[in-house]
Amino acid sequence: MTRSDRKEGAKSATAGPGGTRALSPAALYEAGLHHLGGGRLLDAQMCCEQALAADPTHADSLALMGIIALQTGQHDHAVAWFSRAIRQTPKIDYLTSLGFTLKQMGRLDDALAVFDKAIQLKPDEAELWKHMGGVLLALDRGAEALLSYQHALTIDPSHHEAAFQSGLLLHQQQRYEEAAQAFTICLTQRPGDLQSLQMRARCFRELKRYDAYLADCERAHALAPAEAMVCNNLGDAFVCLGRSAEALPWFDQALSLRPNFVEVLLNKGFALLQLLRFEDAAAVYRQILVLEPGHAKAAWQLAHVELQCGDYAAGWARREARWNMPDFSPEYPRFAEPKWLGKEDIAGKTVLIEEDEGFGDTIQFARYLPMLAARGARVILVVREALRPLLAGVEGVSQCLAYAPELQRPAFDMHCPVMSLPLAFGTTLATIPPAGYLPPLPAERSAAWEQRLGSHDRLRVGLVWSGNPHQGNDRNRSMPLSTLLPLLDVDADFISLQKELRPADRALLAQQSGIRDLTAELTDFVETAALISCLDVVVTVCTSVAHLAATLGRPTWIMLPYLADWRWLRDRDDSPWYPSARLFRQDSSCRYEPVVARVRGELAAKAAGFSTTTA
């Protein structure tokens with residue numbers, strides 16, 4: 001169609017029967033709207049121009065000119081047209097169009113003001129609150145955006161987009177239960193909404209509701225069986241449920257759909273580890289490092305496999321990849337001074353040693369501190385306050401400071417994280433330093449505990465059954481107190497060393513007359529060490545008390561999950577790090593009940609022997 005043809009078309013739209021009567025601005029607007037719907041933008045524009053020639057204040061035509069300008073990418077013109085329409089009649093549709101245009105232009109504050117005005121005119125319109133949320137989100141004002149979306153839901157509880165955006169924001173805020181409820185609203189409206197289903201599944205995973213996680217993953221697979229990530233998530237759900245053998249085919253399916261998908265390979269390697277298939281897991285991590293040589297997490301995982309298999313030379317070095325993991329040890333300062341990893345002569349130098357992981361890690365590797373001093377270094381040690389009294393007196397430590405975010409450290413020449421000390425000293429299985437490095441405990445503290453415990457006519461047993469709940473593998477290494485109760489049948493005195501009690505354990509412990517709970521008096525690790533020195537055996541899961549008791553040389557029986565931490569090596573019931581330790585490992589059932597039964601048998605024999613020697 002030529003330009004003259006378009007003019008004729010527009011002209012015919014203005015003529016009545018016989019071509020003698022001009023149409024009203026309203027009719028011209030309707031004709032323009034019809035042209036716009038057919039994609040005839042020029043015809044629509046000409047209708048609007050004729051309507052406005054007849055009535056320059058015709059608001060609908062002004063707004064339609066804004067829409068036409070917007071569709072042709074003339075945002076400034078669109079703003080002008082919408083603004084003129086609003087000055088005539090502040091209709092919600094006009095304000096919404098202006099707000100959208102301003103948002104597209106990046107004029108977010110102006111867009112926010114427009115939607116605020118629209119809400120003042122019609123506060124019970126859920127769609128406006130949703131639009132307001134979108135602008136606030138673009139302004140990076142997530143908390144306010146969430147409130148806006150949630151207000152939309154109070155007006156219209158089934159509003160899909162408001163529910164979805166609320167769910168995303170709640171998930172970002174780690175409010176997983178509320179986020180799951182928001183995505184459930186979406187799924188009630190649209191059962192086939194794959195994105196909402198996958199997000200709800202992620203919430204269930206964070207909430208450790210693994211059966212629900214699996215159910216949503218299976219439902220997602222029914223909707224999208226050819227999606228690699230859907231297959232991956234299904235495998236991950238089986239891993240979370242402790243069913244790693246069932247997970248592997250799903251990871252392989254995901255890899256068949258998307259070969260060399262690194263995220264899936266990481267999950268597959270982890271599943272293989274859960275099955276103690278160390279060589280296969282190592283092969284997967286090496287495959288990732290071929291694909292992405294700088295992949296820190298794959299290197300870190302491979303290092304743990306190497307350490308667990310006794311390859312300390314490779315494992316210590318590769319474990320330094322942890323510093324390239326953005327969420328690793330965020331509190332460890334990134335010093336300007338060089339890091340010491342054993343190559344430089346440190347005689348006459350001041351070396352700062354600072355903890356970088358957990359309490360137990362620091363206790364285990366503090367054995368290297370005297371070795372630093374033996375090389376002529378002046379050693380400054382920084383640890384958390386709970387450890388400072390225990391480690392301040394270690395031979396060779398010139399100064400021991402309690403970590404604080406604002407801590408001003410003395411001048412030093414080089415630094416080394418505690419967990420890098422084995423690398424710095426080239427530690428092999430044959431050269432592990434002895435554990436007895438702690439200074440003598442204050443005699444008065446041990447004496448006070450002896451008096452507090454009373455007569456020593458039965459075996460004294462310290463108990464720890466759970467660790468820090470935020471530790472990555474805690475659900476495998478810890479157990480509820482109820483699992484440990486069969487030990488109480490043994491003729492012994494049981495003393496709780498469990499500092500952090502979970503709610504169910506707290507209630508159960510209060511009912512147990514067979515366990516003395518003195519942990520309120522364990523104010524730091526020195527106090528705990530003093531109590532442990534009065535015990536005959538400590539039965540514990542893999543937590544800081546295990547390291548403390550074993551470092552003190554006390555008989556320490558450590559109950560380990562099927563996949564134990566790398567420091568306990570493979571297939572051993574002893575530890576080269578701690579001669580006084582015995583290891584009690586889960587079998588492939590991954591249950592602690594059989595472990596507790598074995599410990600009970602050994603404990604009963606030890607208690608009987610104790611009774612014989614004290615009779």
Side-chain angles (χ1 to χ4, degrees), residues 331 353-367 369 381-395 397 399-407 418 435-454 456 460-471 474 478 481 484 493-503 505-510 512 515-554 556 558:
E331 295 177 345
I353 305 298
E354 187 148 344
E355 69 172 43
D356 55 314
E357 297 189 41
F359 285 129
D361 303 303
T362 303
I363 293 170
Q364 180 177 2
F365 295 124
R367 67 186 69 204
L369 298 172
L381 178 64
V382 176
V383 294
R384 281 169 286 178
E385 176 56 31
L387 276 176
R388 189 190 58 77
L390 179 73
L391 300 181
V394 171
E395 181 185 348
V397 174
Q399 190 174 4
C400 187
L401 305 173
Y403 170 83
E406 68 280 1
L407 176 67
V418 166
Y437 63 87
L438 291 177
L441 295 170
E444 68 278 6
R445 294 209 196 184
S446 298
W449 278 112
E450 280 288 356
Q451 184 176 7
R452 180 71 186 272
L453 292 173
H456 195 173
R460 292 175 180 169
V461 183
L463 297 177
V464 180
W465 53 90
S466 64
N468 181 349
H470 302 296
Q471 197 255 15
D474 184 67
S478 294
L481 173 58
L484 210 57
D493 290 328
F494 292 94
I495 296 94
S496 172
L497 302 173
Q498 182 67 52
K499 279 293 287 180
E500 295 184 7
L501 286 170
R502 302 174 194 199
D505 291 345
R506 185 181 303 279
L508 184 57
L509 183 60
Q512 299 301 317
I515 303 177
R516 298 179 66 182
D517 183 12
L518 305 174
T519 53
E521 299 176 42
L522 301 180
T523 53
D524 58 32
F525 277 96
V526 172
E527 204 66 60
T528 304
L531 173 55
I532 289 172
S533 71
C534 301
L535 305 179
D536 299 303
V537 61
V538 172
V539 177
T540 177
V541 293
C542 178
T543 187
S544 58
V545 172
H547 293 280
L548 180 60
T551 296
L552 291 168
R554 306 305 297 163
T556 307
I558 306 172

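Starting from 1, each residue takes its place in the sequence as its number.
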Side chains of S446 and S533: do they bring a donor and an acceptor to under 3.5 Å? yes
Assess the side chains of T362 and E357: does a donor N or O sit below 3.5 Å from an acceptor N or O? no
Test item: [X] and [Y] side chains (from C-beta on) under 4.5 Å apart, heavy atoms:
X	Y	value
D493	V461	no
P442	V526	yes
T551	Y437	yes
L497	T540	no
W465	L501	yes

Under 6.0 Å from the six-membered ring centre of F494 and within 45° of its axis: does the NZ or CZ of R516 meet both?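 Judged by the rule (NZ or CZ under 6.0 Å from the ring centre, within 45° of its axis), R516 is not positioned above F494.
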Can you establish whether the number of heavy atoms outside E444 located under 6.0 Å from its atom CD is more than 12? yes
Around atom CD of E521, are there more than 12 heavy atoms of other residues, nucleotides or ligands at under 6.0 Å?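 Result for CD/E521: enclosed.
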Take R460 and E450, measure what salt bridge (charged side-chain N to carboxylate O under 4.0 Å, His left out) needs, and give me the verdict at the end. CA-CA 11 Å; R460 292 175 180 169; E450 280 288 356; 2.9 Å; yes
Pairs meeting criterion salt bridge (charged side-chain N to carboxylate O under 4.0 Å, His left out) with involvement of residues 525-554, two or more places apart: R445-E527
Pair D361 + R367, salt bridge at N-O below 4.0 Å: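 Salt bridge between D361 and R367, a charged N being under 4.0 Å from a carboxylate O: no.
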